[in-house]
Each structure stands twice: as structure tokens, then as C-alpha cells.
Protein chains: 2
Amino acid sequence: MVKIKDVADAAGVSTATVSRVLADKPHVRPEVKKRVMEVVESLGYRPNRVAQNLRSNSSKIIALIISDIENPFFQRVSRAVDDAAHELGYSVLLYNTDENPEKEKICLNFLRDENVAGVILSPTRQAINNLADTSFLDMPMVIIDRHVSDLDVDNVVIDNVKSAHTITSHLIEHGYKRIAGIFGIGSTTGRERREGFVRALKDHDIKPIPDLIKYTNAREEDGFNTAMKMFQTQERPDAIFTSNSLLAAGVLLAIRENTMTIPGDIAFASFDDTTWGKLLDPALTVIEQPTYEIGRTAAEMLIKRIQDPKRSNREVVLNTKLIIRQSCGCLED
Amino acid sequence: MVKIKDVADAAGVSTATVSRVLADKPHVRPEVKKRVMEVVESLGYRPNRVAQNLRSNSSKIIALIISDIENPFFQRVSRAVDDAAHELGYSVLLYNTDENPEKEKICLNFLRDENVAGVILSPTRQAINNLADTSFLDMPMVIIDRHVSDLDVDNVVIDNVKSAHTITSHLIEHGYKRIAGIFGIGSTTGRERREGFVRALKDHDIKPIPDLIKYTNAREEDGFNTAMKMFQTQERPDAIFTSNSLLAAGVLLAIRENTMTIPGDIAFASFDDTTWGKLLDPALTVIEQPTYEIGRTAAEMLIKRIQDPKRSNREVVLNTKLIIRQSCGCLED
DNA sequence: GTGAAAGCGCTAACAG
DNA sequence: CTGTTAGCGCTTTCAC
């Protein structure tokens, strides 16, 4: 393995000079610079990042911690973060925590030990508290998707309450009365969407039916199980709303299992637009989130903050869009 | 930040001893060990991984390089690699290359510079050549999904030729004659699946129709465009087979765009089982790959190899499964 | 069984 | 403008 000393010797300069050339620092004569570059090239020298990191106590790596790699939302976000980071000269590590606070903590510790430059995170509610206790906030951090307050971090989110209110109102205004809602239990996101949902019912003088409003883990099988249980009661809903696309898939499976038709037997709407949501018959009515922009914005904010740690932190709220398709029965009007 | 010297001083020992205790090395008196551990605990000391890595020239990080994070195949693999690696005390970095050989190379270089312990990779055909040229093979490496020969690496794959042959034969045996096939162009996988496809046609004395056998990039929009073009010709197929789930989604979109019905107007079958493939009506007939096992096996092999670099390399071939649902029209018999 | 000391490969004062 | 030097925090001989 060729090291900086080898380059220095071959170029007849000191290691300091080689280091300067590579870091593009001033005060190096052009001819020396050229000579060094040539040697670097011919020897195929590549700086040892580990040594650089140790010495300068800084790296060009940021981490993205997501709670579920199978959630299309995070896939899009991940792609955006990747794009933005690479443009700005950073690499990104992707971590999957399965919405498990324990894993989240391990992960954060690991990242600190590895001295990453910063972190983008969508924490569980529990983790939000951990964040304050431990010294994780020494790392530059931006939190996405989940809402935090009183924490010294940047934040990029959407207006969950409003978005849920919008899509629920849409359902109500088209005649549905017994509307079920299934929400993720681990995140502030689920809470907020539930709030918008319930508020929409109340605003239209509909009394929420507790048996039809459920918290659950936000995965496919949880959606399936929850819906199956609902369908077995007397209180069958005439419409159902899910808080993300994984829950949606589970509920749709349950609807099929019960050989019900959409929107005839039951109307359907959900958060998150996906490829397959358009493919289904009927296609799904959804709230589309600006996933790519969320990722891009988060990455850019993080890197700005890395470069200027005392920059005041800010919250960015991005807009969502209601996409009306056939699953809510509204296009039949 | 508390460092090893602080622990040593507080415990009244040398840094060497602390290091020994933490690495669980022999030749330390139990009482000393206990005292050191207590100090570590009370000071909240965490070793600096960067320094460890630099000094010992080894890390506990492996990387998984995938070509498309939106491909459910890689999501499952990723989860499996994660699970297995953590069980064995390793962390995993996830990299997305978008099937771009350039990105792949940058990534591999980056990983070498960062001194990761090993890499799991599904390379493009082009990258397989790069691998030999450059010294990437100094890193322990296992290649998944794609076939490599003559390279000093471990390999875990499925039998693509046979699997494609099986599902194509199934289509043929149920009366379809004008069967189209769409395959990924960037990978050996696409080539092999095409080979199985064509061989099945020939084995059943069906003459392949060149206009209906296409290579393309393996993404949704490519599947859509390719199918749209096929549907505009005189030579409309009576069945269509796609080489992965992204292409499948694109083709299905095209089928809908042309208001054709499945399997009435056209039968459909694909590689890769997905959640939404079951959700569709009709549900999709597919070849299911043992994705989780692929990931797990790869991670375990890699770590074995890291721990014993001169271990002879091996190829593991895992079995696939044909899942017959309604989209191929075969259940109507 | 334990400590002293020599680096891992690099960067950043400080001289000159 | 360039070289010398002193570490970054840790592991690992080599003595004792």
C-alpha cells in the first residue's frame, strides 16, 4: 500500500507538501504541485481516510437512519439524500432500525464512535427522548418525517394533521359515515395523522367510533390483522383510511380475504403514493408526500450545518398533495 | 471526550492494560479487570473506532452494494444481511449504485479507502471486469445475484436459466404461443434468464420472435416503454414474461394503458414475488427467489472469509419456486 | 501480569 | 513557499 511518505520521497518533497497539494491548500508553487500530482497519479496513491479522519477529526460521511427499508417513502428519501450528498462531496451510510428504539440507540452510538460528520434520522417517539439525555446531539443532526420540539436540531416535515384532515374530509363529503382509521403507533406521525382524521370527523359532526380507530405497528401484517378484526365485528366500516402504504397493503389483503369490493363494499384511502397503488383496480386515492424533496432538503440542511455548526436551526414544512383515484368511489359522481 | 488514557489514570493502570481488558485478552488479573471495567462504566468510556481501525488495520464494518434500492429483491436481501451481520458483531453500510458502473467503481474505491472489512456486491457485467483489473479483490468479497467465473470470490446465486425455463414452459404448456420476454440489459442475470426463456421455446418447437424478445434497463419506465412499443406492432404477443418486478410493474401499467385484460387479452408472468403482486387482480404468477436466504448466506460467507482469508472460495446455488396464480390463465383449466 | 514506548498514516503548527 | 515536528487515540511488541 502506497502512503504519503512514498509520494513525498518520489517527488523529492516533504509529506507536508504532498498533503497541501492534495488538500488544494495555497502556498505551493505550481510546478511543485504539478510534479506531486504526477507522482500521485503514477503511484496510484490514495489517501488513507481512516488516518485523515483520526488526525483531522472529521469525515465526509453522513448517515441516514430509516425505520423501514421496505417502506417506499424511505426508499425515495434515501435516493434523494444520496443524490444531494454526492453532489456536495459526501458519502452516505444507510441504517435500518425497524422502528426499534434499542437498535436506534445502538446505531447512534456506533455512528458517534465512527465519527461520522452528521446524521439524518426519523426517530421513534421514544428515541426523541433518548436524544436529549445522551450526548448524541453533539453530532449535527436533522430529523425528518417526525416532529420534534425543544431540541437543537433541524427538522423537515409535512403537515400531517392538515393532510389527514384533507383526505378524511374528502371521504366524508362523498357520503361515507362509518370511517375507520389505522395509524402507526411508534411515531409522532401516526399520532398527528390520527388527530387530523378525528378532527375532520368532528368538523363534519360525525361521532368517531372508537372500535374503528386503531393504533398498530406500521407494517403490512399489522394492517392485515387489524383490518381482519374490524371486519369481524358488527361495526363494519363503510370506508377505511390507513396512515402509510404498508398498512394499506395489509388492509387491502384483508379486504380481498373477505371478498369485499372497493369502493362498493368499502371505500379506501391512504397516505403515500406508490407504483402499485396506481396499478390496482381500483387505483388508490392517496396523500402524496414530496419524498424526494424531503430527502434533498434534509441532506442539504445537514451539510450546511456541518460546515457551519453554529447556524441557527430551522424547521421546514413541505406541502402534500391529495390524489383522487377510484378507490374512494368519488369519481363516480 | 474521554479517552483510554483517562481510564488508565482513573484505574491506576497503564493504557496497555485497559486495552487488554477491553479486547478480552488473557493475562490480566481478575481484580484488575473488574476495576478497569468499573471505571470504563462510570466514565462512560467508548473506544474511538477510527483510532482502533488505524492502529490495528481492521474494522467491523461490511458493505452491501446494491444496484437498486427500489427493487424489492434487494430490500429483502438487505434486511437479511443486516440481521446476519449484527448477530456476528458487524455493522453494515448500504450503498446504492443505480446499476451504474461508474458509481460502482467510486463506491468500491471509497470502501477500500475507508478500510471496510469486506463487501457484498451485485455487480454489473462491466464491473465484473473492473474487479479483475484493479486491486479491489484485496478486500474479501462475495458476489450475489450475478454470476462470475474465474474470479477469486465467493458467489451466491440461483439457477436463472432453469428458473426462466420452468416458468416459460408453464406458459407454453397452457397454450400460449406468441410469448414476449423483457430482460435487464446490465446484468448477467438478464442474459441467463433470456437464455432459459429462449431454450424453453425451442424445447417446445416454438420459433422465437425477435421483435418480442427485448433487452432494456431494468426499471419500471423501461418496462412500460418497451411494452408500449410491442403493443403497437402487428406482432402482438399473447403472453408476456418479465425478468424482474420493476419491469413487471411497467409492463402492467402499459397493459392497463392499452385497456387490455389479463389473462384474457394477454397472459403475464414474472420473476420475483412481491406484496403487491398478490394484491393485484388477477394475482401474478411468478418465480419466487429465496431472497432472505441469499442475503443471510452471503453475509455469513463473507464474515467467515474475513476471519479466514485463505479459505477456499465457493459458489452456492439456491433454489427458486414457481408460484402459480391467476395472471397466466392457467388456473382456469 | 503489567508498563513503557513505538508507531498506524496523516495533518497542522511552527520555523525557516 | 516548504520542511520539521508533534501528535490524533489506540494496539502491540518488548522488557521487567
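Lettering follows sequence order; numbering is per chain, from 1. The structure displayed is predicted, hence computed values, not measured ones.
- Straight-line distance from the CG atom of B/Asn53 to the P atom of D/dT11: 11 Å, rounded to whole Å.
- Nucleic acid contact for B/Asn57: none, since no nucleic acid atom lies under 4.0 Å from a heavy atom of the residue.
- Within the nucleic acid shown, B/Pro26 has no heavy atom closer than 4.0 Å to any nucleic acid atom.
- Looking at A/Glu38 and A/Lys34, a side-chain N of the basic residue comes within less than 4.0 Å of a carboxylate O on the acidic one, giving a salt bridge.
- When the side-chain nitrogen and oxygen atoms of B/Lys25 are compared with OP1 and OP2 of D/dT11, none of them lie within a distance under 4.0 Å.
- In this structure, of D/dG9, D/dT4, C/dG3, it is C/dG3 that holds the atom nearest to the side chain of B/Thr17.
- Atom-to-atom, NZ of B/Lys5 to P of D/dG7 comes out at 13 Å; the value is rounded to the nearest Å.
- Using a 4.0 Å cut-off between a side-chain N of Lys or Arg and a carboxylate O of Asp or Glu, A/Arg79 and B/Asp98 qualify as a salt bridge.
- Of the listed nucleotides (C/dT11, C/dA5, C/dG3), C/dT11 has the atom at the smallest distance from the side chain of A/Ile4.
- Between B/Gln52 and D/dT11, a side-chain N or O to OP1/OP2 separation shorter than 4.0 Å is present.
- Here A/Asp9 does not pair with A/Lys3 in a salt bridge; the nearest charged N to carboxylate O distance is not below 4.0 Å.
- The side chain of B/Pro47 lies closest to D/dC10 when the candidates are C/dG9, D/dT2, D/dC10.
- With D/dG9, C/dC10, D/dT2 as the candidates, the nucleotide lying closest to the side chain of B/Arg55 is D/dG9.
- Electrostatic pairing of A/Arg146 and A/Glu99 counts as a salt bridge here, judged by a charged N lying under 4.0 Å from a carboxylate O.
- Side-chain proximity of B/Val32 to the nucleotides C/dT2, D/dT12, C/dG9 is greatest for C/dT2.
- The phosphate of D/dT11 (OP1 or OP2) has no side-chain N or O of B/Ser56 nearer than 4.0 angstrom.
- Rounded to an integer number of Å, the gap from CZ of A/Arg20 to C1' of C/dC14 is 11 Å.
- Side-chain proximity of B/Leu54 to C/dG3, D/dT4, D/dG9: nearest is D/dG9.
- Rounded to a whole Å, the CG atom of B/Asp6 is 9 Å from the P atom of D/dG9.
- Distance, B/Asn48 CG to D/dT11 C1': 13 Å, rounded to whole Å.
- At a cut-off of 3.5 Å, with distance as the only test, a side-chain donor of B/Asn53 or B/Asn115 sits close to an acceptor on the other residue.
- Taking the screw axis at each terminus of the helix from C/dG1-D/dC16 to C/dG16-D/dC1 from five consecutive base pairs, the angle between the two is 40° to within rounding of 10 degrees.
- Applying the 4.0 Å criterion to OP1 and OP2 of C/dT2, one finds that B/Arg29 has a side-chain N or O inside that range.
- Side-chain atoms of B/Lys3 lie closest to D/dC10 of the nucleotides D/dT4, D/dT2, D/dC10.
- Each of A/Tyr45 and B/Val13 has a nearest nucleotide on DNA chain C; the 5'-most of these lies closest to B/Val13.
- The pair B/Arg296-B/Glu300 counts as a salt bridge, with a side-chain nitrogen and a carboxylate oxygen less than 4.0 angstrom apart.
- Looking at heavy atoms from C-beta onward, B/Arg314 lies in side-chain contact with B/Met301 at the 4.5 angstrom threshold.
- To the nearest angstrom, C1' of D/dC10 lies 14 Å from CG of B/Asn115.
- Comparing C/dT2, C/dG9, D/dC10 by their nearest atom to the side chain of B/His27 picks out C/dT2.
- A/Tyr292 and A/Asp83 form a side-chain donor-acceptor contact under 3.5 Å, judged by distance and modelled atom types alone.
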